[in-house]
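Below is one structure; the comments refer to it alone.
Bear in mind the structure is a predicted one, so any value in this text is a computation, not a measurement. Quick note: numbers below take in every heavy atom, side chains included, and nothing from hydrogens, waters or symmetry partners.
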Amino acid sequence: MEVLKIATAGSVDDGKSTLIGRLLYDTKSLTSDKIEAIEKVSKKNGLDYLDFSLATDGLVAEREQGITIDVAHIYFSTPKKSYIIADTPGHIEYTRNMVTGASTSQTSIVLIDARKGVIEQTYRHFFINNLLRVKEVIVAVNKMDLVNYSEEVFNGIVQDFEELRAKSDFKDQKLTFIPVSALWGENIAEKSSAMSWYNGQTILEHLEDLKAEDFQEESQARFSVQTVIRPKTDEFHDYRGYAGKISGNSLKVGDEVTVLPSLKFSTIKEIHFFDESFQEAPAGSSVTITLSDDINVARGDMLVKSNEIPKESRVLDAMVCWMDNKVLVPGAKYVLQHNTNGILAKIDKVEGHVDTNFGTEEEVSSLYLNDIGNVKIKLSKAIFADSYKHNRANGRFILVDTQTNTTAGVGFIK
């Protein structure tokens, strides 16, 4: 069954957790004891309705404060698809959590409170979705019941958001605007009779109609070797396979490939997935590849088509989201993890702090927790990388603190 990965974004009290809880309820993904627990706590809190946010806010602090703090991954399914939702916090203090949750998502739901409209936090959420090149974004205008289901209010928010969109350089992104009331289930899984003026799909209908090809990026094939498979059994005495995940584009038997960084070349002899063989494997496939020639390939190496070799560089210009309490300053040293390849790296220069309203860049010499900025990084050895815009998998990296092993930052190569 096809799996769709979704990230949510929205400011405090916009209703993210309620919307997800309603989706779980309407798709019959909540167990009877969970529903009973929600009913009990809702009554205890003096509510005359079911508080569906209780279905997702797992931390005690989240339930007490009514906010989302950590990234929660929620699973549900319909007869048509399986879904994984990354319920990410919306507050500026948890920007790093939102980047983490959205980094592997195929689509995003950005919530807006109909009473407040497009606010500063909306800029940040939309900017991060652009930074991560999320192609499909649903803008859910929530709490329409509190503005009397006004079409005029909805259209005003759409217009304001389109003005924000005009500042983006990611023109392949598709926006879908849906007016909803998560509390009462309006336009979540069922059409709203109170908003007859809206002729579009519900959120669930839209998610059900999204197809895998909607998220495919047109880029060059990259295969990072995660491990070398050598069974050394009587049946597979001389077998040597390379296991990893394909990104960017498909690979097929007979393709001439170059091994990076050694620049040795060969052709793909076989493509295996467990005990099956394939002539071609699409991007996103985790497979084992064998080559026609017995050449040295190790973990951390990358296979690419010989006419599609990426740029080799020892200096990276990147946009970095800083995720550590320790301040990022020039001269600091980290391990840069690029795919399966770890390289010693030094921060050469912090060039500026990025305005998440798509505005001007502020010149700074350091980055603090949750800051996003442009950074120049020098590497101890060259890597073969693409820009993040052209290949998401081969254009991103993380910075790991060598003393604490903390993931200190995530970067996107320009």
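- Under the 3.5 Å distance criterion, with hydrogens and angles disregarded, no donor-acceptor pair is assigned to the side chains of Gln226 and Thr340.
- Judged purely by distance below 3.5 Å, without hydrogens or angles, the side chains of His390 and Ser387 pair a donor atom with an acceptor atom.
- Remark: aromatic rings of Phe177 and Phe161 are close, center separation under 6.0 Å.
- A cation-pi arrangement is present between Arg133 and Phe170, with the terminal nitrogen or guanidinium carbon under 6.0 Å from the aromatic centre and inside a 45° cone about the axis.
- When each of Asn129, Ile138, Val137 is paired with Leu175, the side-chain contact (heavy atoms from CB on, under 4.5 Å) condition holds for Val137 and for no other.
- Without hydrogens or angle criteria, Asn142 side chain to Ala114 main chain gives no donor-acceptor distance under 3.5 Å.
- Side chains of Ser181 and Asp145: a donor on one and an acceptor on the other come within 3.5 Å.
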Mind running side-chain contact (heavy atoms from CB on, under 4.5 Å) on Ile347 and Val375 for me, showing each step along the way? CA-CA 7 Å; Ile347 306 303; Val375 178; 3.8 Å; yes

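- In this structure, the side chain of Asp301 does not engage the main chain of Val225 through any donor-acceptor pair within 3.5 Å.
- Remark: the backbone N or O of Gly248 is not paired with any side-chain donor or acceptor of Arg222 at under 3.5 angstrom.
- Aromatic ring centroids of Tyr25 and Trp184 lie 6.0 Å or more apart.
- The pair Lys80-Asp209 meets the salt-bridge criterion, since a charged nitrogen lies less than 4.0 angstrom from a carboxylate oxygen.
- Counting only distance, with no hydrogens or angles, the side chain of Tyr334 and the backbone of Gln337 share no donor-acceptor pair below 3.5 Å.
- Put simply, the side chain of Asp371 gets close to the backbone of Tyr368: a donor and an acceptor are under 3.5 Å apart.
- Ring-plane geometry between His272 and Tyr239 is classed as tilted, the angle between the planes lying from 30 to 60 degrees on a 0 to 90 degree scale.
- The closest side-chain donor-acceptor pair between Ser292 and Thr267 falls under 3.5 angstrom.
- Residue Lys191 qualifies as enclosed at atom NZ: its count of foreign heavy atoms under 6.0 Å is above 12.
- Side-chain atoms of Thr406 and Asp324 include no donor-acceptor pair closer than 3.5 Å.
- Side-chain contact check for Thr78 and Glu208: at least one donor-acceptor pair (N or O, by modelled atom type) lies under 3.5 Å.
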Would you sort out whether Arg240 and Asp294 count as a salt bridge (Lys or Arg N to Asp or Glu O under 4.0 Å), showing the intermediate values? CA-CA 8 Å; Arg240 181 189 289 267; Asp294 189 13; 3.5 Å; yes

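- The main-chain N or O of Leu23 is found under 3.5 Å from a side-chain atom of Thr27 such that the two form a donor-acceptor pair.
- Side-chain contact, Thr107 with Glu136: no donor N or O sits under 3.5 Å from an acceptor N or O.
- For the residue pair His338 / Asn394, a side-chain donor-acceptor distance below 3.5 Å is found, with atom types taken as modelled.
- The existence of a salt bridge linking Asp113 and Arg115 is confirmed by a sub-4.0 Å separation between a basic side-chain nitrogen and an acidic carboxylate oxygen.
- With respect to Asp293 and Lys269, no salt bridge is recorded, no charged nitrogen being found less than 4.0 Å from a carboxylate O.
- Rounded to the nearest 0.5 Å, atoms OG (Ser192) and CD1 (Ile178) are 12.5 Å apart.
- Looking at Asp255, its side chain never comes within 3.5 Å of a backbone N or O of Leu251 through a donor-acceptor pair.
- A salt bridge is absent between Lys311 and Asp386: the closest approach of a Lys/Arg side-chain nitrogen to an acidic carboxylate oxygen does not fall below 4.0 angstrom.
- Lys414 has no carboxylate O lying under 4.0 Å from a charged side-chain N of Asp317, or vice versa, which leaves the two without a salt bridge.
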